[in-house]
Amino acid sequence: MLHAVDGSVRTLALDLDTSKARKSVVDDDARCLGEILHAAGLAYVEDESPSGGRHLYVPLQEPLTAAEARQLVEALARRAVSLDPSPHQNVVHGCIRVPGSAHKAGGHQKLVTPLTDAYGILTRRNPATAVANLRTALAPELYRIEQQRRTQERATAATAALNAIATVAAASAGSERPLRSVARTGLYDTSRYASDSEARMAVLNHFSACHWSLEQVQAGMDGQYAGLAALYGTKTDRLLPVEWAKAQAFTATTAPAKTPAQRTGSRTAHKYNTSPTYLTGGSPNPAPRPSQHSIHQLVNDLENVLYATLDYRLMERGREGIHLRFLVRAVLAYMRSMETDILDVGCRTFALALGKSHVTIARLLPVLENASAGILTRIDRGRGKNADTYAVQLPDHFQQLARTLTWRKGKIHAIRPVFRVLGDVSALAYEAIERGHRSPTTADLARTTGISRRALTDHLAAMETLQMIRRHHGRWEVVTTTNLAQLADRLGATEDREAQLTRYRKERAAWHAWLDRNLIPQLNEHELYDAETDGHWLPPEDDLDALQRSLWLVA
């Protein structure tokens, strides 16, 4: 039994089960967990079962409560897909098969750690400082678990109907795509894929459709997608390049046909829209398109105006102002990436970039147009498959200000995936630290961001716990060694973005299908009127009886 009578835990038991992943994945997870424990200063005892599973035992000098032990094990389970946290999730019946125990499949648990070393580890046990180091290393996973717990508590407090909706939404937000699960665990549905080869190709086709590169796939196989490496076995170096080429060829042939502009490699303003917009004629001598250099210069000038003036104007709008500030950043980011000053980006595309609902974006765009002081102007309303079209320009009253200020280095971001979890306030604070001429204090950040010091303190503490920033002599600075993309994966932000992207793709497909079924074709004038059949008038059916009586009286 893992829990004492009072529910306390003196030994953490990590159960790596072959029913949750392949044997090679279990071995990789055991090695990965061993590295995490050693880095935290924790010693452990390891054994192996006849089925190929492994157990890691971490003895503690000071007991943990059942809730604390459960949090640590669940956090480790997010780093190792084959780890089964259920023994620590049941205070009454949680148990583990110790070394030397008989296995239900035959044989006994075999001790991997030398006996003398295991005796010393179990006798000395691990201090509380090492457990604190482990909590620091697992800070992103613990933060994610805590956020999910709060979400579940809010859902439980709601009404029955809203509770059901919130529970389904929370479950779908944290769900994983089936092919991603195959890539992580190496286990697949044998009724769908007859062999490891077919399962490998399905995973590679999925990654190719997501526009991954071969280097990204190889890096994933060394990390969280060890199940894909298990499907290859020892043939990874020989088969992976060949099968990746097949996957790229397959996804290229099944991709939708490109427009002539896309085939020639030219850039259009409709690259990120739901569908291409076709030319409708216009002037025979159209105005020359702005050059790439002039677009980047315009974006640089608008960034100067944004950080010098517009940000402070939007601060006065409270919570809505925070959303508007990031929406402006998204507009400038799309301008730079698409190299155009005419944007027809849909609300769902902006919503995906900002991590918000498309309904919120549709409400904020007109507000931003009025608050931008002439920077953003709608020039055409969206119809059918096309989004609203906006022109982005530098008004005359901002010309002198933009020319006076010096351009700043660095990219401008809408919402980086990690801040989908941490929130807009954390994103503003991180941006202020990142773009500052010198390391700012908390008071400097409060003035720059327009956020109260109390709110900033909580968010700065959370980012410090996640090792995104650190405080040095009272000033905040960015920890450059922390990879924000990997942190987003550990916090679940990447999965949340993929779920939102999948949902929007389905909604667009349904909307386009509805348009194809119900869109009325344009008719010519001769098709609307026929002199032979439409040259007389028919009265309404309701007045037909009264009209007949009137005609009879006249006759």
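Ring geometry for Trp212 against Phe207 counts as parallel: the plane angle stays under 30°, on a 0 to 90° scale with 60° as the upper cut.
Among all heavy-atom pairs drawn from Arg54 and Val112, the shortest one is NH1-CG2, 4.2 Å. When all heavy atoms are compared, the tightest approach of Ser24 to Ala230 is OG-CB, 2.7 Å. Between Ala40 and Asn133, the shortest heavy-atom contact is O-ND2, 3.4 Å. In this structure, His103 and Ser49 approach most closely via the heavy-atom pair CD2-CB, 3.9 Å. Considering every non-hydrogen atom in both Gly227 and Val25, the closest pair reads CA-CG2, 3.6 Å. Scanning both residues, Val91 and Gly7, for their nearest heavy atoms gives CG1-CA, 4.0 Å.
The closest side-chain heavy-atom distance from Phe350 to Cys347 is not below 4.5 Å. Val421 is not listed as a side-chain neighbour of Arg144, based on a closest heavy-atom distance of 4.5 Å or more. In this structure, Thr465 and Tyr143 have side chains that are not in contact, with every pair of non-hydrogen atoms separated by 4.5 Å or more. Side-chain contact between Leu422 and His459 is absent, with no heavy-atom pair separated by less than 4.5 Å. You'll find the side chain of Leu33 reaches within 4.5 Å of the side chain of Leu16, heavy atoms only. Between Val98 and Gln109 there is no side-chain heavy-atom pair separated by less than 4.5 Å. Side chains of Val131 and Leu72 form a contact here, defined as non-hydrogen atoms less than 4.5 Å apart. By the 4.5 Å heavy-atom criterion applied to side chains, Thr11 and Ile96 are not counted as neighbours.
No donor-acceptor pair under 3.5 Å is formed between the side chain of Ser208 and the backbone N or O of Leu204. The closest donor-acceptor contact from the side chain of Gln467 to the backbone of Ala137 lies at 3.5 Å or more, if one exists at all. Side-chain atoms of Tyr188 come within 3.5 Å of backbone N or O of Asp196 as a donor-acceptor pair. No donor-acceptor pair under 3.5 Å is formed between the side chain of Glu68 and the backbone N or O of Leu64. Side-chain N or O atoms of His55 include one that pairs as donor or acceptor with a backbone N or O of Arg97 at under 3.5 Å. Remark: side-chain polar atoms of Thr113 are paired, donor with acceptor, to backbone N or O of Glu46 under 3.5 angstrom. Judged purely by atom type and a 3.5 angstrom limit, Arg22 uses its side chain to pair as donor or acceptor with the backbone of Gly186. Checking side-chain atoms of Asn386 against main-chain N and O of Gly382 turns up no donor-acceptor pair under 3.5 Å.
Taking the charged nitrogens against the carboxylate oxygens, Arg180 and Glu498 do have a contact shorter than 4.0 Å, which makes a salt bridge. Salt-bridge annotation for Asp15 and Lys20: absent, with no side-chain N of the basic residue lying under 4.0 Å from a carboxylate O of the acidic one. Ion pairing of Arg31 with Asp27 is absent here, as no side-chain N (NZ or NE/NH1/NH2) approaches a carboxylate O to less than 4.0 Å. Between Glu495 and Arg78 there is no salt bridge, since no side-chain N of the basic residue sits under 4.0 Å from a carboxylate O of the acidic one.
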List the steps and the verdict of side-chain contact (heavy atoms from CB on, under 4.5 Å) for Val58 and Leu134.
CA-CA 12 Å; Val58 185; Leu134 180 62; over 6 Å; no

Take Lys385 and Asp516 through the side-chain contact (heavy atoms from CB on, under 4.5 Å) test and state the conclusion after the steps.
CA-CA 10 Å; Lys385 297 181 181 180; Asp516 294 339; 3.7 Å; yes

Before you tell me yes or no, could you show the steps for Leu228 and Val217 under side-chain contact (heavy atoms from CB on, under 4.5 Å), namely the whole-Å CA-CA distance, both residues' side-chain angles and the distance that decides it to 0.1 Å?
CA-CA 9 Å; Leu228 179 59; Val217 175; 4.1 Å; yes

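Enclosure of atom CG in Asp237 is not indicated, since only 12 or fewer non-hydrogen atoms of other residues, nucleotides or ligands lie within 6.0 angstrom. No more than 12 heavy atoms of other residues, nucleotides or ligands lie within 6.0 Å of CZ in Arg470, so this atom counts as exposed by the packing criterion. Within 6.0 Å of atom CZ in Arg149, more than 12 heavy atoms from other residues, nucleotides or ligands are found, so the atom counts as buried in its surroundings.
Distance check: Phe419 CZ to Phe326 CZ gives 8.0 Å after rounding to the nearest 0.5 Å. One distance of note links CE of Met221 with OH of Tyr232; it measures 6.5 Å at 0.5 Å rounding. Interatomic distance, Leu142 CG to Arg135 CZ, rounded to the nearest 0.5 Å: 8.0 Å. Going from atom CD1 of Ile469 over to atom CD of Glu434 covers 11.5 Å, rounded to the nearest 0.5 Å. Considering CG of Asn205 and CH2 of Trp244, their distance stands at 9.0 Å, rounded to 0.5 Å. Taking CZ of Arg336 as the reference point, atom NE2 of His296 lies at 6.5 Å (rounded to 0.5 Å).
Among residues two or more places apart in sequence or in another chain, the side chain to side chain contact (heavy atoms under 4.5 Å, CB included) test is passed with Leu179 by Tyr193, Ala202, Val203, His206.
Side-chain atoms of Ser197 and Ser195 form no donor-acceptor pair, as typed in the model, at a separation below 3.5 Å. Of the N and O atoms on the side chains of Tyr44 and Asn126, not one donor lies less than 3.5 Å from an acceptor on the other residue.
Sorted by first then second residue, the side chain to side chain donor-acceptor pair (under 3.5 Å) pairs that include residues 79-89, not counting sequence neighbours, are Asp29-Ser82, Glu74-Gln89, Asp84-Ser86.
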